[in-house]
Amino acid sequence: MKKNLDMTEGKPISLLWAFTFPTLMGNLLNQVYSITDSIVVGRYLGQTALAAVGSTMPVILLLAALMIGINVGVGIIISRYFGQKNEELMRRAFVNSLYLGLFLSAGMMVMGLTFSGTILRWMGTPEGPLQEATAYLEISFITMICPLMYYLFSSAFRGLGDSQTALYCLIVSVLSNIGLDVLFVAVFRWGVAGSAWATALAQALSAVVAVLLFRKYPMMRMRRQDLRLHGKLLRQITVLAIPIAVQSAFNNLGNLVAQSAVNLFGEATMAAYTAASRIGTLALMPVETIGSSLSVYASQNHGAGKPQRIRQGVRASLQLSLVVSTVLGVFLLLCGRQMAGLFLTEPSAEILTVVQRFLLITAVPGILAGVMQVYQQVLRGVDRANQALMGGVMQLITKIAVVAVGAWGMQNLDVVWLGWPASFVAGTVIPYFCFQKIVREIETE
């Protein structure tokens with residue numbers, strides 16, 4: 001595969017798979033780290049520490065979603081200018097995205113340090129894990145610049161059609177994260193805080209590697225004029241990135257409400273949910289990766305004026321999502337309960353049952369998430385992020401409603417878990433009809 005993949009020519013399904021595969025392997029490796037991190041915390045620090053880390057995850061993922069959303073926007077814009085062969089605007093888009101990310105991350109850091117404990121109490125975090133959870137969250141806010149730089153360069157590489165280099169940076173992050181996790185938690189005994197510092201330092205190291213690798217692109221070597229704040233381009237990036245960031249935040253806001261609901265069922269259920277959500281991501285993350293690749297594919301072809309190839313890309317992405325989600329769904333059905341036993345030295349029958357039910361209801365029907373991701377992401381690729389956001393709003397409302405009924409109304413965990421597949425269906429409807437209308441308009445332009 002060429003380093004820079006031009007997806008405006010060739011068979012869509014082959015191009016999408018060639019572009020998706022390195023990112024998919026990287027993301028799966030990242031999930032292996034996430035699972036390893038939880039295993040290290042659970043086995044060396046115990047159930048309370050595992051519950052503490054798990055209780056912070058919706059907030060951490062919310063922050064990550066905001067940064068990823070901003071940087072996905074720059075990836076889409078760079079890919080569009082890549083399709084147009086406009087190197088100057090590619091460089092300026094990267095620089096102005098960096099300015100936007102630094103401004104927003106500074107604001108979030110200040111707010112987070114001020115309200116970390118309040119947020120966790122609002123979520124109903126029990127007193128047992130509260131102190132460690134607060135420390136973990138505060139460290140994550142202090143070191144926000146590390147994931148910002150990592151996500152920015154990763155999105156820029158993907159926007160250039162180079163998912164392999166993004167994979168190399170991710171490998172550096174994951175391997176160093178695992179090593180530092182074991183060192184700080186198992187050897188130095190720094191507790192939950194050690195896990196947070198390990199993640200931040202690993203992302204910082206990956207960002208340094210990304211800076212060095214970025215220099216191999218002559219087209220992206222900055223000139224003095226590229227470093228100026230470009231008002232029109234900054235507005236363009238903001239108009240695209242903010243809806244994506246808000247939608248990503250909406251998705252994780254639903255997870256934050258779900259964590260609050262899970263907290264009602266006690267520390268054991270919190271620990272089980274931490275383990276189950278890590279395992280379940282193995283089935284849901286690949287279809288998100290396929291959808292993300294589609295947004296780059298659609299953006300390149302939109303920039304090149306080839307709308308018919310966008311339709312073909314949607315069909316190819318749906319086919320890939322069906323195959324991948326089916327294989328991983330069967331795997332979780334067969335091995336999910338055994339994987340849950342890795343997280344604690346002696347997991348109770350209650351914890352194992354919660355994990356098994358969660359995976360059956362939320363992760364096995366992963367094709368529903370795949371269809372939603374395809375139609376939301378293709379709208380982003382054709383510069384219709386606001387329509388994709390409407391799907392995200394419906395997804396959020398549905399998930400919160402079902403979770404609330406299950407937790408506060410019926411006190412039934414199975415109903416809580418139904419919030420996931422119900423939200424996938426709800427998040428698909430508006431983007432599907434919007435895409436059918438918009439692609440017809442593009443074809444007649």
Side-chain angles (χ1 to χ4, degrees), residues 33-64 111-143 177 180-182 184-186 188-200 252-281 340-355 358 403 406-408 411 413 416-417:
Y33 154 70
S34 181
I35 291 171
T36 303
D37 174 60
S38 296
I39 291 173
V40 170
V41 170
R43 285 187 169 267
Y44 284 97
L45 302 178
Q47 177 177 295
T48 300
L50 184 61
V53 172
S55 67
T56 68
M57 281 302 103
V59 183
I60 301 296
L61 292 175
L62 181 62
L63 298 175
M111 291 184 63
L113 288 174
T114 305
F115 298 109
S116 290
T118 303
I119 292 170
L120 291 169
R121 288 188 179 88
W122 174 80
M123 291 171 58
T125 306
E127 287 299 321
L130 180 60
Q131 184 176 353
E132 289 183 310
T134 303
Y136 189 99
L137 201 54
E138 288 176 346
I139 294 169
S140 299
F141 279 115
I142 290 170
T143 58
N177 210 333
L180 290 171
D181 233 347
V182 174
F184 291 170
V185 175
F188 291 170
R189 299 289 181 177
W190 288 358
V192 167
S195 178
W197 282 115
T199 299
N252 286 282
L253 182 59
N255 292 333
L256 189 148
V257 174
Q259 181 69 58
S260 301
V262 168
N263 291 349
L264 296 174
F265 293 86
E267 188 176 292
T269 302
M270 290 172 64
Y273 177 63
T274 301
S277 58
R278 297 291 194 280
I279 299 169
T281 305
L342 298 173
F343 288 81
L344 293 166
T345 52
E346 295 181 1
S348 65
E350 176 190 359
I351 287 178
L352 295 177
T353 300
V354 169
V355 171
F358 176 88
V403 166
W408 289 279
Q411 290 83 49
L413 273 175
V416 172
W417 307 148

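The chain is numbered in sequence order, starting from 1. Just so it is clear, the model here is predicted, and its values are computed rather than measured.
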Please enumerate all residues that pass side-chain contact (heavy atoms from CB on, under 4.5 Å) together with [X], with sequence neighbours excluded.
X    : result
I39  : I35, R43, L342, F343
I139 : A193, A196, W197
L113 : M109, E138, F141, I142
S195 : D37, V41, Y136, D181, V185

W190 meets the ring pair (Phe, Tyr, Trp, His ring centres under 6.0 Å) criterion, sequence neighbours left out, with F184, F188
Quick one: sort the F358 and Y273 rings into parallel, tilted or perpendicular, breaks at 30° and 60°.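 Taking Y273 first and then F358, their aromatic rings stand perpendicular (interplane angle over 60°).
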Taking the side chain as every heavy atom from C-beta outward, state whether F115 and L137 have any pair of such atoms under 4.5 Å apart. no
Sequence neighbours left out, what pairs pass side chain to side chain donor-acceptor pair (under 3.5 Å) with at least one residue falling in residues 114-124? none
Within residues 125-134 or reaching into it, pairs that qualify as side chain to side chain donor-acceptor pair (under 3.5 Å) - sequence neighbours excluded: none
Between CE on residue M270 and OG on residue S55, distance to nearest 0.5 Å: 4.5 Å
Measuring from I351:CD1 to T274:OG1, what's the distance to the nearest 0.5 Å? 9.5 Å
Which atom names give the shortest non-hydrogen contact between [X] and [Y], and what distance separates them?
X    : Y    : value
S38  : L50  : O-CD1, 3.6 Å
A133 : T56  : O-CG2, 3.3 Å
L352 : G341 : CD2-N, 4.1 Å

What pairs with [X] under side chain to side chain donor-acceptor pair (under 3.5 Å), at least two apart in sequence or on another chain?
X    : answer
T199 : Y33
E267 : Q47, T48
S277 : none

Can you run down the ring pair (Phe, Tyr, Trp, His ring centres under 6.0 Å) pairs that involve residues 35-63, sequence neighbours left out, and say none if there aren't any?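 Non-adjacent pairs meeting ring pair (Phe, Tyr, Trp, His ring centres under 6.0 Å): zero.
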Assess the side chains of Q259 and N263: does a donor N or O sit below 3.5 Å from an acceptor N or O?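 Yes - a donor-acceptor pair under 3.5 Å links their side chains.
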